[in-house]
Every structure is written in C-alpha cells, then in structure tokens.
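Reviewing the structure listed below.
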Amino acid sequence: MKVLIIQENGRHDKNRDFRECFALRSAFQRLDWQAEIWGLGHSNFHETMDFNAYDVIFNLENYDKIGWVPSLAHVKAYKILWAIDAHVRGMAPYRELFLRGRYDTMLQSTRDFILEEEDTRIRKNSVWFPNCFNDALIYPQDIEKKYDIGFCGNTLNREPYLAFIEEHFELKRDIFVHGADMVSAINSYKVHFNRNVANDVNYRNFETLGCKTLLLTNANPQYIDLGFADGENCLIYGNLSELRDKIQYALDHPRQREQIADNGYQLSKRHTYGERVKSLVSLLAGVAR
C-alpha cells in the first residue's frame, strides 16, 4: 500500500519532530507500508503531486488559512480525514471538508462527536480514533522526580484549578514547554495534573503514562474503554475536593504512587502510534484499492 499523509510541517523547532505526520509515517513504515508526507513547510511542498498515485491519503489536522490544502474530491485514493481538535473548533469545519472533499472515512479523536452527529453519511463513516503518543520520543528518563506535582501545557481552562492546587501544594508550572523539554518536564514530576479541554481525552494523558509519571486527570466516560482505572493506573478527580485529596494521597503514599505510575506505563503500551496504525491497517485492508 502507498500512503500519503498531508499535514503542515511544524512551525516551532522544538516541537516539529513531534508532529502527528512523522509518527504516523514511521508507524506505517514499520509495517512495510510505503508512506510519504506532503504539505506546507515540507521540502517537497512545491513539487507537482500526483495524488492518484496513492492508495490511501490522510488529511491530518490542518489550520489552512491560505488555501494550500488541495481538494481531493476527484482523487481516486481512499481518503481519510482526521479530526483531532473538534472539541475546540466544533464539528462544522470538519463536516464541510468531509462532504466537499468526498472523503471515505473520518477519524474522530472524541467519541461523542460520532454519537451526536446528525449527518448520516458522516456518522456511518466515522471511526473513533483516540489520541495516543510517540513512544520513540516520549519515554521514562533516568532523572530525579524532584517536583511533587507539576503541570506542563497551556493554562486555557485550567487556571482556576492550577490556582487551587497552589493554595494547598507546591506546583511546578511548565507553561508552553514543547518537544524534548516537555518530556523532561513530565519525567521530573511525581504527579502530573491534567484537565481535558472539554469532552476530549488529550495527548497529555498518554504522554504522562508513557513517561511513567502518575497521571491525575478529570473524569471522562471515554476512559473506561481506554483502560484507564482510577487508583489502578491513574488518579481521576471529579471536583476540587477530590483533586486535593487525590494529590495528598499520592504524596503521602510513595509506594502506591509508584505502583500506579508503573501500571499506567504498562497501559501506555496500548496507546502508541504503532498500536493505532495496526487498527488502521485492519480497517484499510478491506476498503482501500
């Protein structure tokens, strides 16, 4: 199978290697599929592309403000649109692009958008494709976990929770820390606080597990089917009182904290790009030309 992955190259040097397109390409190549990347900012962007030369084309999350993403409406390849940030942008732009480009399948990172979708074609051709992490770049490091609780990300809807934590504990803030620095930051925490933006299960869930750091995150029904279990491989809070109590428990019980983090690391092996692509190969085996 010959696969083309369309995604803009990263604009931040520190985070560029962590783009979805590179992880997806590597995962396909490990399964002996021929996979290439094309898009704004890549070295081949100005080359003439024969999109019909590919069996499968992925259009990944692209914030296209200048119109560089081509229309694939008349391309014969099996076409897949990957909707990652619908929990932020809403479904409207993905719905329009899917129908206009005559895509065959939509991969949806958030399951709710499939269940709630009113357009029959989109609902029937959508697949839940949860976020995951690149275990070639994100892994446990041999560094001291010197911070009791940390947060690596952007404040967005999290500031009230971060302020609450700081009322009761010492919090290490790593705001807008990217790439390898992000991996080192998460590795330096005993507990990593997370809060999903909306009804999503964000990347930090899987990245934290992959660093063998204890994940503390807010409740979400999707966790059950992903294998997340409160007190077993992560800690899950529902309100501020629970948030405080779970942090205190983790800090007061180091052996249990380390065991939960280790269990989380074992769970993370189910949520790598390699595992996700195996499920895609099964899907594509019966439908791609």
Side-chain angles (χ1 to χ4, degrees), residues 5-30 35-45 58-66 68-69 82 84-85 87-89 109 130-147 149-159 162 171-197 200-217 261 264-265 268 271-274 276-277:
I5 302 162
I6 298 176
Q7 187 180 39
E8 180 179 351
N9 202 358
R11 300 186 182 186
H12 304 287
D13 288 340
K14 287 189 175 182
N15 213 38
R16 182 169 289 122
D17 291 342
F18 288 71
R19 295 286 280 170
E20 292 93 346
C21 58
F22 299 117
L24 201 62
R25 179 180 63 182
S26 295
F28 273 115
Q29 290 176 340
R30 287 196 296 271
E36 301 173 10
I37 298 170
W38 177 86
L40 183 66
H42 293 283
S43 60
N44 63 348
F45 179 62
F58 286 87
N59 182 358
L60 271 58
E61 190 81 28
N62 286 300
Y63 289 75
D64 182 14
K65 295 183 179 180
I66 62 174
W68 68 265
V69 177
W82 187 359
I84 301 172
D85 284 346
H87 61 285
V88 176
R89 304 171 70 187
S109 295
N131 288 326
C132 54
F133 78 107
N134 187 343
D135 59 336
L137 298 175
I138 300 170
Y139 47 81
Q141 296 178 343
D142 187 20
I143 62 175
E144 178 188 0
K145 291 191 178 295
K146 57 184 177 179
Y147 301 109
I149 181 163
F151 171 72
C152 186
N154 62 68
T155 55
L156 201 57
N157 65 330
R158 299 158 183 135
E159 183 56 46
L162 298 175
L171 173 68
K172 177 65 165 64
R173 289 185 181 231
D174 288 301
I175 308 303
F176 292 114
V177 173
H178 301 296
D181 293 338
M182 173 269 290
V183 179
S184 295
I186 295 175
N187 267 280
S188 71
Y189 310 149
K190 296 174 184 175
V191 180
H192 187 199
F193 165 78
N194 178 64
R195 185 166 185 82
N196 300 297
V197 174
D200 57 310
V201 176
N202 64 23
Y203 283 116
R204 282 295 185 268
N205 288 276
F206 307 102
E207 293 163 347
T208 302
L209 299 182
C211 289
K212 201 184 285 190
T213 292
L214 192 151
L215 170 67
L216 173 65
T217 189
Y265 178 64
S268 77
H271 298 294
T272 65
Y273 275 93
R276 291 287 188 269
V277 166

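Values below: all heavy atoms of this structure, side chains included; hydrogens, waters and symmetry mates excluded. From a predicted model like this one, the values you see are computed outputs, not experimental measurements.
Remark: the Thr213 side chain and the His192 side chain contain no N/O donor-acceptor pair separated by less than 3.5 Å.
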Check the pair Asn59 / Val69 against side-chain contact (heavy atoms from CB on, under 4.5 Å), numbers first and verdict last.
CA-CA 9 Å; Asn59 182 358; Val69 177; 3.8 Å; yes

For Lys190 and Leu214, what are the C-alpha separation, side-chain angles and deciding distance, and is it a side-chain contact (heavy atoms from CB on, under 4.5 Å)?
CA-CA 6 Å; Lys190 296 174 184 175; Leu214 192 151; over 6 Å; no

Begin with the C-alpha distance, continue with both residues' side-chain angles, and end with the deciding distance and a verdict on side-chain contact (heavy atoms from CB on, under 4.5 Å) for Asp174 and Tyr189.
CA-CA 11 Å; Asp174 288 301; Tyr189 310 149; 2.4 Å; yes

Could you go through the side-chain contact (heavy atoms from CB on, under 4.5 Å) check for Leu209 and Tyr265 one step at a time?
CA-CA 5 Å; Leu209 299 182; Tyr265 178 64; over 6 Å; no

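Put simply, the side chain of Leu60 reaches to within 4.5 Å of the side chain of Ile5, judged on heavy atoms. Side-chain atoms of Asn9 and Phe45, non-hydrogen and from C-beta on, never get closer than 4.5 Å to each other. Looking at Met182 and Asn15, their side chains never come closer than 4.5 Å, going by heavy atoms from C-beta outward. Looking at Leu156 and Val197, their side chains come closer than 4.5 Å, going by heavy atoms from C-beta outward. Taking the side chain as every heavy atom from C-beta outward, Phe151 and Leu216 never approach each other to under 4.5 Å. Put simply, the side chain of Ile6 reaches to within 4.5 Å of the side chain of Trp68, judged on heavy atoms. In this structure, Ser268 and Lys212 have side chains that are not in contact, with every pair of non-hydrogen atoms separated by 4.5 Å or more. Proximity of Leu40 to Ile66: side-chain heavy atoms (C-beta onward) are separated by under 4.5 Å at one or more points.
Test Asn131, Asn196, Asp200 against Asn205 for side chain to side chain donor-acceptor pair (under 3.5 Å) and you get one pass: Asn196.
Below 30°, between 30° and 60°, or above 60°: for His271 and Phe206 the angle between ring planes is between 30° and 60°, a tilted geometry. Ring-plane geometry between Trp82 and Tyr273 is classed as perpendicular, the angle between the planes exceeding 60 degrees on a 0 to 90 degree scale with a lower cut at 30.
Nearest heavy atoms, Ser188 versus Ile143: N-CD1, 4.0 Å. Across every non-hydrogen atom of Cys21 and Ile37, the tightest pair is O-CD1, 3.5 Å. Closest approach of Gly210 to Pro140, counting heavy atoms only: O-CD, 3.2 Å. For the residue pair Thr217 and Asn194, the shortest heavy atom distance occurs at OG1-ND2, 2.9 Å. Considering all non-hydrogen atoms of both residues, Ala185 and Cys152 come closest at CB-SG, 4.3 Å. In this structure, Ile149 and Phe193 approach most closely via the heavy-atom pair CD1-CB, 4.2 Å.
The structure places OG1 of Thr272 at 9.0 Å from CG of Asn134, a figure rounded to the nearest 0.5 Å. Distance check: Gln7 CD to Glu20 CD gives 4.5 Å after rounding to the nearest 0.5 Å. In this structure, the separation between CG on Asn157 and CG on Leu162 is 9.5 Å, given to the nearest 0.5 Å.
A cation-pi contact, defined as under 6.0 Å to the ring centre and within 45° of the axis, links Arg89 to Tyr63.
Between Glu159 and Arg195 there is no salt bridge, since none of the side-chain N atoms of the basic residue sits less than 4.0 Å from a carboxylate O of the acidic one.
Listed for the Gln141 side chain is no donor-acceptor partner under 3.5 Å among the backbone atoms of Asn187. The closest donor-acceptor contact from the side chain of Glu207 to the backbone of Ile138 lies at 3.5 Å or more, if one exists at all. Of the possible donor and acceptor atoms, one in the side chain of Asn202 sits under 3.5 Å from a partner among the backbone N and O of Arg204. In this structure a side-chain-to-backbone donor-acceptor pair under 3.5 Å is present from Arg19 to Glu8. In this structure, the side chain of Arg25 does not engage the main chain of Ala35 through any donor-acceptor pair within 3.5 Å.
Ring pair Phe18/Tyr203: centre-to-centre distance not below 6.0 Å.
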